[in-house]
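What follows is a set of notes on a single structure, which appears directly below.
Bear in mind that the values here come from a model prediction, so they are computed numbers and not experimental data. Numbering of ligands and ligand atoms starts at 1, following listing order.
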Amino acid sequence: MNKEALKNSINKYCKVKYGKSLGEAKDYEIFNALSLALLEEVVDDWSETKALYNQGKKAYYLSAEYLMGRALGNNLISMGVYDEVKEVLNELNIDLNAIEEIEEDAGLGNGGLGRLAACFMDSGATTNIPLQGYGIRYSNGLFNQKMVDGAQMEEVDTWLKYGDPWSIRKDDEAVIVEFSDYSVKAVPYDMPIIAYGSKNVNTLRLWQSESLESFDFDLFNKQEYTEALKCKNDAENISRVLYPNDSKEAGKLLRLRQQYFMVSASLKDIIRTHKAKFGSDFSSFGKEHAVQLNDTHPVLAIPELIRILVDEENVKFKDALSIAKTVFAYTNHTILAEALEKWDVKLIEKLFPRILEIIRHIDFVFVQELEDKGYDKEAINEFKIINYNQVRMANLAIYVGFAVNGVAALHTDILKDTELHNWYELYPEKFQNKTNGITPRRWMRLCNQELSAYITELLGTESWVNNLSELKQLEKYIDDEAVLNKLMAIKKTKKEQLAAYIKEVEGVELDPNSLFDIQIKRLHEYKRQLLNAFYILDLYNRLKANPSMDIPNVTFIFGAKAFPGYVRAKAIVKFIGEIAKKVNNDPVIGGKMKVIFVENYRVSYGEKLFPAADISKQISTAGKEASGTGNMKFMMNGALTFGTYDGANVEIVQEAKEENNFIFGLRVEDIEQIGGKYNSKEYYEADLSLKTVVDALVDGTFCDGGTGEFQDLYNSLVNEGDTYFLLADFVAFKEAEDKVFAAYKDQKHWAQMSLMNIANSGIFSSDRTIMQYANEIWGITPKTVK
Ligand code: 26V
């Protein structure tokens with residue numbers, strides 16, 4: 001990269017966009033000018049990549065969520081110019097770090113499923129796979145979380161407020177999406193996904209919904225201004241927010257509209273590229289295109305493809321269904337019943353009656369197939385796509401999809417053995433496992449530059465960044481004191497950096513010499529943040545009773561957003577806030593332990609938290625966490641897993657060995673065995689320390705502001721069966737924590753355990769995952785731009 005040319009380019013964009021010299025520009029203006037200057041460097045490679053990919057089979061990832069986070073730092077790493085650009089900016093008296101921090105996160109997702117999609121985009125580019133992402137360009141991403149007196153409040157996210165320099169709007173490729181009541185324009189915004197180590201630039205195409213006309217001229221002229229703008233508002237609402245509240249019918253309809261909007265626009269786009277190459281010959285469609293359905297949200301793509309083929313391209317229904325059966329593959333991301341989508345037939349009929357007709361037709365054919373195979377009526381009811389006037393989206397996906405995958409070995413086993421057992425018996429050949437992964441560019445190379453530099457020094461090359469299994473070579477330093485000391489020194493640096501950031505944004509002082517124990521993830525009962533909270537409260541009680549108790553200083557950090565309508569999740573946030581207040585303000589504790597719930601946990605906050613952790617808390621009820629990916633981010637950065645035998649934790653300890661982690665609690669088979677016989681009250685009554693912390697919900701120790709929320713939490717555990725086995729796992733949790741404290745005393749051994757985790761994290765690179773999708777599902781090979 002030519003430094004002078006880059007300086008000129010930044011200056012130029014600053015001038016033409018803001019009419020200012022660089023010296024006068026605000027940080028966000030510099031961010032935009034710099035981003036445009038960098039984009040300019042990749043656009044030619046981007047065009048070349050598109051042309052190259054158009055020559056063969058392509059895969060498309062359809063996802064309602066992309067939790068991209070910030071683009072600038074990541075793109076600098078991928079382009080291999082981070083240090084150079086830092087120098088250039090230094091020479092201009094600009095601090096790159098401050099410019100990075102001004103960027104808003106693109107938070108177009110909720111949690112793991114959306115972040116996985118973002119990691120897959122990165123890995124698809126880096127492994128040179130012809131993979132394109134499709135999604136929705138929500139103008140407001142996931143809400144911003146404000147903590148008001150320990151309780152969560154939601155504020156609208158305005159990620160576009162400083163502009164969106166990394167997207168290119170493609171007006172000439174807009175398509176029209178039709179609903180029964182009106183039609184809208186889907187306008188694509190393309191984001192470059194820049195490969196690390198090659199010239200490939202992949203595309204994430206996000207659709208924005210706009211009105212066909214800007215307003216109704218007649219109505220405006222009649223001075224009926226609100227009515228005149230109705231069509232514009234209706235259209236723009238479709239891509240306004242992620243998961244609109246669906247407690248009423250209007251919200252449900254909006255969600256359904258969003259899903260159809262996304263899949264209809266994407267399929268029209270795919271068909272347009274197909275026709276440009278093959279005209280109206282669709283016989284090779286499945287050889288040219290593979291569509292991965294990220295959970296059930298994009299499953300309407302199936303009837304939409306059939307609709308287009310039958311109604312617009314003169315293909316017979318039977319042939320269209322056969323084509324669809326070669327195109328779609330479905331990933332299941334959860335076994336929680338509440339997340340398995342079902343849509344009322346009435347709603348589908350209201351918005352797109354033809355789609356309902358097609359779904360009915362598919363179901364009819366499916367039932368015939370089952371009858372031919374000799375299934376009886378009862379068995380057929382289990383499989384049917386439409387049942388009790390609801391369309392079961394997963395059933396549609398599994399019947400038409402040619403592959404179905406879970407996201408970790410245990411999760412796939414559970415799908416095969418229990419949740420989808422009947423489907424597995426019907427179509428054993430469709431089922432596959434694809435254990436999740438994370439991109440080492442963002443989750444190591446960018447967010448932990450100190451550790452990355454040191455690994456490169458030890459291995460003598462940076463090739464580990466896109467060949468992560470090379471980390472295994474680090475095992476040879478297991479007894480090397482200098483290496484172990486350096487690893488601990490780097491961890492300390494990351495803890496100091498986090499502490500400084502938390503001091504700045506939260507106003508809370510943390511001790512970087514204490515053990516950092518971190519639980520960051522969506523707030524959900526099955527993830528059991530409440531169990532962690534109970535443990536912390538119990539530790540506090542013990543420390544109060546015995547202030548000279550022999551434990552290392554410890555800092556418990558939480559980060560989580562609770563879904564706005566999820567009352568219990570919000571109550572848990574409040575409860576943790578109450579505990580934090582009590583513990584942090586108690587002079588007897590004197591800094592031995594501290595609790596903090598950080599505000600507005602998101603991708604960019606995660607980049608500061610993961611590298612600073614000593615302990616990674618992964619304590620979901622066995623069988624409930626499909627995979628988890630935060631667990632992998634912690635591991636790669638040298639934290640030890642404190643967790644249950646669940647999701648990818650199982651594979652983490654398989655790789656890094658159980659003795660280098662802290663595994664506790666009931667396993668899937670234990671829970672199956674206990675089954676309906678579980679009596680949480682027995683556990684509650686059997687252990688006084690447990691009873692004391694559970695009672696704290698209701699005995700006046702803490703205040704829920706008179707809402708009764710804490711009483712409801714209490715009831716869920718003591719009187720309503722404790723669905724997630726918190727009380728049953730409490731004692732095992734405590735014992736495992738004792739082992740953590742004992743182990744932390746031996747810093748050398750701790751460093752060895754940490755090294756083992758880093759060295760064995762290679763398999764959790766999403767490069768490995770995406771290559772498995774390409775080889776084993778899509779039948780696609782890499783294509784590298786020369
Ligand atoms: C989402 C929501 C959002 C609204 C409130 C209720 C609710 C309940 C469940 C879900 C889960 C949606 C699916 C999901 O995000 N699954 C996650 O996918 C990750 C990537 O495969 C995986 O690592 C996580 O274990 C899994 O929970």
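Within ligand 1, counting atoms from 1 as listed, the ones closer than 4.0 Å to a heavy atom of V407 are 21 (O). Distances below 4.0 Å separate heavy atoms of A626 from the following atoms of ligand 1: 25 (O).
In terms of protein heavy-atom proximity, atom 21 (O) of ligand 1 is nearest to H333 ND1, 2.6 Å. In this structure, atom 25 (O) of ligand 1 lies nearest to the protein heavy atom E625 OE1, 2.6 Å. Looking only at protein heavy atoms, the nearest one to atom 22 (C) of ligand 1 is G628 N, 3.7 Å. In this structure, the protein non-hydrogen atom closest to atom 1 (C) of ligand 1 is R522 NH1, 3.6 Å. Looking only at protein heavy atoms, the nearest one to atom 3 (C) of ligand 1 is N110 ND2, 4.0 Å. When only non-hydrogen protein atoms are considered, atom 6 (C) of ligand 1 lies nearest to E338 OE2, 3.9 Å.
R528 is listed as a side-chain neighbour of T644, based on a closest heavy-atom distance under 4.5 Å. With contacts defined as side-chain heavy-atom distances shorter than 4.5 Å, the pair I619/Q529 does not qualify. Between K146 and N600 there is no side-chain heavy-atom pair separated by less than 4.5 Å. Two residues are said to be in side-chain contact when any heavy atoms from C-beta on lie closer than 4.5 Å; D712 and R568 meet this criterion. Looking at heavy atoms from C-beta onward, W443 lies in side-chain contact with V603 at the 4.5 angstrom threshold. Counting heavy atoms from C-beta on, the side chains of F534 and L717 come closer than 4.5 Å. The side-chain heavy atoms of N110 and R522, taken from C-beta on, include a pair separated by under 4.5 Å. Looking at heavy atoms from C-beta onward, I136 lies out of side-chain contact with L206 at the 4.5 angstrom threshold.
Among R441, R445, R115, the one residue that satisfies the salt bridge (charged side-chain N to carboxylate O under 4.0 Å, His left out) test with D122 is R441.
In L113, the parts holding a heavy atom less than 4.0 Å from any atom of ligand 1 are both the side chain and the backbone. For S627, heavy-atom contacts with ligand 1 shorter than 4.0 Å involve the backbone as well as the side chain. Only the side chain of N436 comes within contact range of ligand 1, with a heavy atom under 4.0 Å; no backbone atom does.
The shortest heavy-atom distance from E65 to ligand 1 is not under 4.0 Å.
By the 3.5 Å distance cut-off applied to N or O atoms, Y526 is counted among the residues near ligand 1.
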